[in-house]
Amino acid sequence: MKELQTSTRYDPADAEPRISRRWLDSGINHPDPEGSPAENFSIAVPPPNVTGALHMGHALNGSIQDALIRWHRMQGRRAKWVFGTDHAGIATQKQVENKLARDGVRKEDLGRERFVDEVWEWTREHGGIIQEQFKRLGASLDYEQERFTLDDGYAHAVLQVFVDLYEQGLIYRDHYMVNWDPGLGTAVSDLEVEEREVQDTLYSIRYSDDVVIATVRPETMLGDTAVAVHPDDDRYRHLIGTTVTLPIVGRELPVIADDYVKMDFGTGNLKITPGHDPNDFEIGRRHGLETVSVIGEDGRMTAEAGEAFAGMTALEAREAVVQALGDAVVATEPYTHNVPYSHRSGERIEPLISLQWFMAMDELARPAIDVVRRGEVKIHPPSQERRYVEWLENIRPWCISRQLWWGHQIPVWYRGEDEVHCGLEPPSGDGWERDPDVLDTWFSSALWPFATLGWPEDTPELRAFYPTDVLSTARDILFLWVARMVMMGLRFCDAVPFEHVNVHSVIQAPDGRRMSKSLGTGIDPLDLIDRYGADATRFGLLAMSSSQDVRFSEEKIQQGAQLANKLFNASRLILTHAAPQDSAAELAIEDRWILSRLERAKADAAERIATFDFSKLALGLYDFVFSELCDWYLEMVKPRLYDGDAAAQDTALRVLEETLALAHPVIPFVTEELWSMLPGERGLLAASRMPPGDPSRLDAQAEEILDRTIATIRALRNWRESVDAKPGLFVNARLDADGVPAALVGQLARFEWADGEPAATVPVPGGAVAVFATEGLDLGAAARKLAAERERLEKEIARAEGKLSNPGFVEKAPEPVVAAERAKLERLRAELEAL
RNA sequence: GGGCGGUUAGCUCAGCUGGUCAGAGCGCGCGCCUUACAAGCGCGAGGUCCCCGGUUCGAGCCCGGGACCGCCCACCA
């Protein structure tokens, strides 16, 4: 309250820590695990990397989810926003490897156990940062029940799922072509691979008189086991069934026919290397070809590549092979094409055959498609549904094993050649060795909505909060994560993990590039919070967001800061001049108007929450507060507030109170702060009920009258400009327009209603204002202005007349449209008349 | 190679199922320290709504074609 009197500015840096403390101490973030999922509201946060820091995506999605959580909490529901972090296998392991490397230590020097200890140590040191950052954002996550994908309970859930799926035959081990990341020394899934356009050299190599193949990777020819042509290719039909001799190696390669070969590309001869090309691998399987692996998991040529090349890197081998081929290389040309790169390490993917664990997806995918088709899981915006469904329809086995140390180690033990044990506990007996691989991080993430709530135990949390209500995320992990959660939720909990998926936009750098640390295009949300406050940051991000990708614009953040400040100053005005009134004093027209507008703002906000339209939610609040509440209502009601008018005080206070509540989910800090200054004893706004809609306040008559009043004031202000009226000057005039509250118009347009000799006329809705000679007015300019106005009216009248005299329009347009046009014409004529 | 989305004021973006839909914020210009707020208030200037056809009484809004931009998916060596 002191601040209200002494400062004209809201100071987020002062208020936020204080408010944050009150929220955290209040326990509102940790609802009791009671009631049913239907009556409760829950969201599982996309778990950030345990050692991660808050980036723009977190900040935006945090703002979205928190708006939802706060909104529904204020509807009186137990609202639980599950908090936790992800062990982020590759990312975290790499951080620690890098740290060790700075001390000249390799993880192999430590051994697995000590290395993993090191990583735990690292997560303890660097974990928890993002939690503090979420708190600064005002995110009302349930910090009291934080989960981690590697905590004991969670790890148990992960292994349970593995064992179950193994026993059901959906998880299996196989030699298969995988995306090998030579940088990380592990296989990665298809989703962790990105295509990049690169310049390579395309080599044409003569295998025989008839056969010339083209390749960008000559070193892989050492692993060729066939040459393929298209079955309809007349040029080579005669070769099918014969063999050619592989240069350098001397192996006889059968010439096979396969539809895959494009006749019109290159020579129409395709070398087949089943060991190092995904397509060739498939072709090899179709034709029962032998597989030769010439590149190893270390990225170096194997013994099978031959003595001359073994031990070389693939790149070295390429040159050596070209050298050895000599004249057999008949052409080289620059060649631009797409090449797979590891998303994680940025290294070029080496496709090779490896013994890995896979999850069969078809059986899991079908129900996950069905629930979306049936609307049991609703994706917003619906355009994303198609992507989701199409991806699942074309899903392939998921390579779930990773050659890392940090993560959930696969619960499978081997003894000898053919003894295998899969289980939660190690097998008894000697000589068993555990599979060294860990699971893909996304395997554990896929269980997030239920494993965080205690599954596989039948916990109160699970009963109260699963299925969750909303999952909010950016587009990029719709497949990686969302689809997999749906599959796992259905499989293990017999229920969808969430009803709604909100796919939000990606905020790009102001120049349209991707926001990324490495590009230097990142913007730190914490910096925004420091400079503008958490409310401003939240507001700005929500205002920017849409389903479409958008460029970051700091203006929107500033707009948020202005909104907070505006509310602060509106509160100063109201709270220093209004006390609660218990008399039911009669409301003035502007009181009825603002209450009616407030109802619409409430209905709009509810609608926008329900449709995940956060941009309009934020901007709608801004418009209501600035335009309707402050620019018009408070300006109108000010004198009555000063005079102690009961209806004015009561209305202003009530509107302020409800506006604070309405805005709270978007800008929680400033609203909580101001709420605490409202008269009377009241608890936290965050724990209060959202004022319910009150249809009895909707007042079409008041809105109609105020519409005209506002238009009249605007017309008069406009006219004042045209005659150079000094802002402080009261203009003497007579109001010749019915149904417009003269006092309000006079007050806001600075006109004094009197009698006198008209010297000028100002057209206003439904009539005119006759202006009397007043000193300080340039009426010559007024005349010019009037002429221009007359011209505008005449033009509009002509347009309306034209429309109405068009038989096509009158006959075919719907009746209300025609009637509206007629009414408009009449109004325009009346206004012209008044001039 | 498929699929999706975009192209509206100098900038960032709204414009629902075709009929005041040509808008907002910022920026810009002019004027105001009017006792809530000068990070404020008032007023204003700025747009062949990407292009070409079409449907319609009427089209940023629907249809066809084209141009550019972005994203996703994809096994042409």
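Proteins get letters first, then strands, A, B, ... in listed order; numbering begins at 1 in each.
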Is A:Arg387 near enough to B:C72 that one of its side-chain N or O atoms lies under 4.0 angstrom from OP1 or OP2?
no
Side-chain N or O of A:Arg551 less than 4.0 angstrom from OP1 or OP2 on B:C11?
no
Can you check whether A:His337 has a side-chain N or O nearer than 4.0 Å to OP1 or OP2 of B:C76?
no
Quick check on B:U35: is either OP1 or OP2 less than 4.0 Å from any side-chain nitrogen or oxygen of A:Lys638?
no
Side-chain N or O of A:Asn569 versus OP1/OP2 of B:G40: is the shortest distance under 4.0 Å?
no
Among residues 276-287 of chain A, which contact RNA chain B at a heavy-atom distance under 4.0 Å?
A:Asn279
Phosphate OP1/OP2 of B:G40 contacted by A:Gln562 side-chain N/O (<4.0 Å)
yes
Residue matched to B:G25 through Watson-Crick or wobble contacts both under 3.5 angstrom
B:C11
N or O in side chain of A:Lys726 less than 4.0 angstrom from B:G31 OP1/OP2:
no
Take atom P in B:G44 and the same atom in B:U8, then report the distance between them in whole Å.
26 Å
Reckon A:Asp476 touches a base, only the sugar-phosphate, or nothing at all at heavy-atom distances under 4.0 Å?
nothing
Do any side-chain nitrogens or oxygens of A:Tyr10 fall under 4.0 Å of OP1 or OP2 in B:A36?
no
